[in-house]
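In what follows, a structure is listed as structure tokens, so that the remarks can point back to it.
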Amino acid sequence: MSFETACKVIDTLSLGFSCLEDLNDPFECTAFSFKNNGTEINSYLTTVAAACRNRFSRKYGILSLTRQPLNSLMWSHYGDEHQGVVIGIDVDIAGFSCVEKCVIPSQYGEVIYSATKPHKDLPVISADILMEIGQELRFDPDAFNLVKRTFLYKSIEWGYEEEVRVVKKISGIPLGYHIGQGRHDEWNKITISGRPLYCFDILENSIKEIYLGHHIRKNVTKKNLLTGEELKGLLNSWREKGIKVMRCNPDLHSWNLIAKP
């Protein structure tokens, strides 16, 4: 994330969950399709798929994580061109591995990358099941196939991200997608450029590591976000919280990044 966003995450002790429709891949939530057993017509199946996408997008929030903090391409795409920060999270302490509180906990959230979409092999769901989406759905191995198709399938071109997702229900938050913002229990809904972001509270000791981009000082020298002394003070304050702070640099003997304290 950018340096500014990292400061907000650490100050507020929260991480942002997004809706499916706000992610940067237009193929999100298009990997499920239903069987046509001769009784359904294609227009009906298309309507069911569209209704599923809408309910899954508006009723659940997604936290996108990666297992690899030293991926140079990820730094270029998401780390503000190596001027930003990677934050290392202990998912157990943050509650992201809890099967009771997550629709998809972190240990089941590895994204599946494939060159082709899955076949049309899901049984057509009833109107009652459709309306249950966003209600009491919890992680359940029997229901996991539909949920997995919805949230965890992506094209193989995205494989470099090594993404792991955590999915939580947001339908209980009394604030609409387009309407309202503010706190509700452990959530704080904010709006960024018209896009809702559902910020979930985490414990301070769940933040274990901070990786600084190789060009982190451009925030001082070119962006004028803060002075050199302010940057030094921030880094010291993070260390005082018990967070391991590292700087990423190119390895002179390979194409890899290396991290050192």
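All figures in this text were calculated on a predicted structure; none of them were measured in a lab. FYI, side chains are in, hydrogens and waters are out, and symmetry mates aren't considered; it's all heavy atoms of this structure.
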*Taking the six-membered ring of W238, is the NZ or CZ of K241 close enough (under 6.0 Å from the centre) and on axis enough (within 45°)?*
no

*Any side-chain heavy atom of F17 within less than 4.5 Å of one from K168?*
yes

*Could you please spell out the steps behind the side-chain contact (heavy atoms from CB on, under 4.5 Å) verdict for C199 and I190?*
CA-CA 7 Å; C199 300; I190 63 175; 3.8 Å; yes

*What are the two closest non-hydrogen atoms of C248 and L70, and how far apart are they?*
SG-CD2, 3.7 Å

*asked:* Quick one, Q83 with S2, criterion side-chain contact (heavy atoms from CB on, under 4.5 Å). Give me CA distance, side-chain angles, the key distance, then yes/no.
replied: CA-CA 7 Å; Q83 300 168 72; S2 70; over 6 Å; no

*Over all atoms of both residues, closest heavy-atom pair of V164 and S106*: CG1-O, 3.4 Å

*Let me know which of R53, R149, K117 forms a side-chain hydrogen bond (donor to acceptor under 3.5 Å, both in side chains) with T30.*
K117

*asked:* Tell me whether K208 contacts the main-chain N or O of N205 through its side chain, where contact means a donor paired with an acceptor under 3.5 Å.
replied: yes

*Are L15 and V166 connected, step by step, through hydrophobic side chains (Ile, Leu, Val, Met, Phe, Trp, Tyr) whose heavy atoms are closer than 4.5 Å?*
yes

*If you measure only the distance, is there a donor-acceptor pair under 3.5 Å linking the side chains of N24 and Y78?*
yes

*Can you find a heavy atom in the side chain of M1 that is under 4.5 Å from one in the side chain of I87?*
yes

*Please report the closest heavy-atom contact between I89 and A94, naming both atoms and the distance.*
CG2-CB, 4.0 Å

*Are L63 and L152 grouped together when hydrophobic residues (ILVMFWY) are joined by side-chain heavy atoms under 4.5 angstrom apart?*
no

*Does L212 reach the side chain of L235, with side-chain heavy atoms less than 4.5 Å apart?*
yes

_Is any side-chain heavy atom of L231 closer than 4.5 Å to one of F3?_
yes

*Cluster link I216 to V86, ILVMFWY, side chain under 4.5 Å*: no

*Is there a side-chain contact between N71 and T66, using heavy atoms and a 4.5 Å cut-off?*
no

*asked:* I'd like to know whether the aromatic ring centres of F56 and F151 sit less than 6.0 Å apart in this structure.
replied: yes

*Are any of the side-chain heavy atoms of I170 and C19 separated by less than 4.5 Å?*
yes

*Please walk me through it: do L20 and T150 pass side-chain contact (heavy atoms from CB on, under 4.5 Å)?*
CA-CA 9 Å; L20 273 169; T150 301; 3.9 Å; yes

_Distance check, rounded to the nearest 0.5 Å: K154 atom NZ versus F27 atom CZ?_
10.5 Å

*If you take all heavy atoms of G180 and K189, which pair is closest and at what distance?*
O-NZ, 2.8 Å

*If you round to the nearest 0.5 Å, how far is CZ of R183 from OG of S14?*
8.0 Å

*Compute whether any side-chain donor of one residue and acceptor of the other, for D251 and S254, lie under 3.5 angstrom apart.*
yes

*In this structure, are over 12 heavy atoms from other groups packed under 6.0 Å from L73 atom CG?*
yes

*Ring-ring centroid check Y211 W75, cutoff 6.0 Å*: no

*Does some side-chain heavy atom of S18 sit less than 4.5 Å from a side-chain heavy atom of L23?*
yes

*Determine, stepwise, if the pair E209 / K244 fulfils salt bridge (Lys or Arg N to Asp or Glu O under 4.0 Å).*
CA-CA 5 Å; E209 301 172 329; K244 185 178 181 180; 5.1 Å; no

*Compare every heavy atom of S237 with every heavy atom of L234, then report the nearest pair and how far apart it is.*
O-OG, 2.6 Å

*Would you sort out whether S114 and Y153 count as a side-chain contact (heavy atoms from CB on, under 4.5 Å), showing the intermediate values?*
CA-CA 7 Å; S114 63; Y153 271 86; 4.2 Å; yes

*Taking salt bridge (Lys or Arg N to Asp or Glu O under 4.0 Å) as the test, write out the residues that go with R58, two or more places apart.*
E21

*Are V9 and L13 connected, step by step, through hydrophobic side chains (Ile, Leu, Val, Met, Phe, Trp, Tyr) whose heavy atoms are closer than 4.5 Å?*
yes

*Dump the intermediate steps for salt bridge (Lys or Arg N to Asp or Glu O under 4.0 Å) on K223 and E81, then the final yes or no.*
CA-CA 13 Å; K223 293 184 177 180; E81 300 174 346; over 6 Å; no

*asked:* Taking atom NE2 as the centre, does H178 end up with more than 12 heavy-atom neighbours from other residues, nucleotides or ligands that are less than 6.0 angstrom away?
replied: yes

*Please report the shortest heavy-atom distance between D92 and S97, naming the atom on each side.*
OD1-OG, 2.6 Å

_Just verifying a value: how many Å separate L65 CG and F96 CZ, rounded to the nearest 0.5 Å?_
7.0 Å

*Looking at side-chain heavy atoms only, is the closest gap between C7 and V85 below 4.5 Å?*
no

*Are E28 and R165 ion-paired here, with the side-chain N under 4.0 Å from a carboxylate O?*
yes

*Atom CD1 of I173 and atom CD of Q181: how far apart are they, to the nearest 0.5 Å?*
13.0 Å

_In one Ile/Leu/Val/Met/Phe/Trp/Tyr side-chain cluster, 4.5 Å: I10, I202_ = yes

*Take atom NZ in K232; do more than 12 heavy atoms of anything else shown fall under 6.0 Å from it?*
no

*Can you tell me how far the CD1 atom of I192 sits from the CG atom of L197, to the nearest 0.5 Å?*
5.0 Å

*Would you please indicate if the ring centroids of Y198 and H184 are separated by under 6.0 Å?*
no

*Heavy atoms from other residues, nucleotides or ligands near CD of E4 exceed 12 (cutoff 6.0 Å)*: no

*Give, for atom CH2 of W158 and atom CD of E163, the distance between the pair rounded to the nearest 0.5 Å.*
9.0 Å

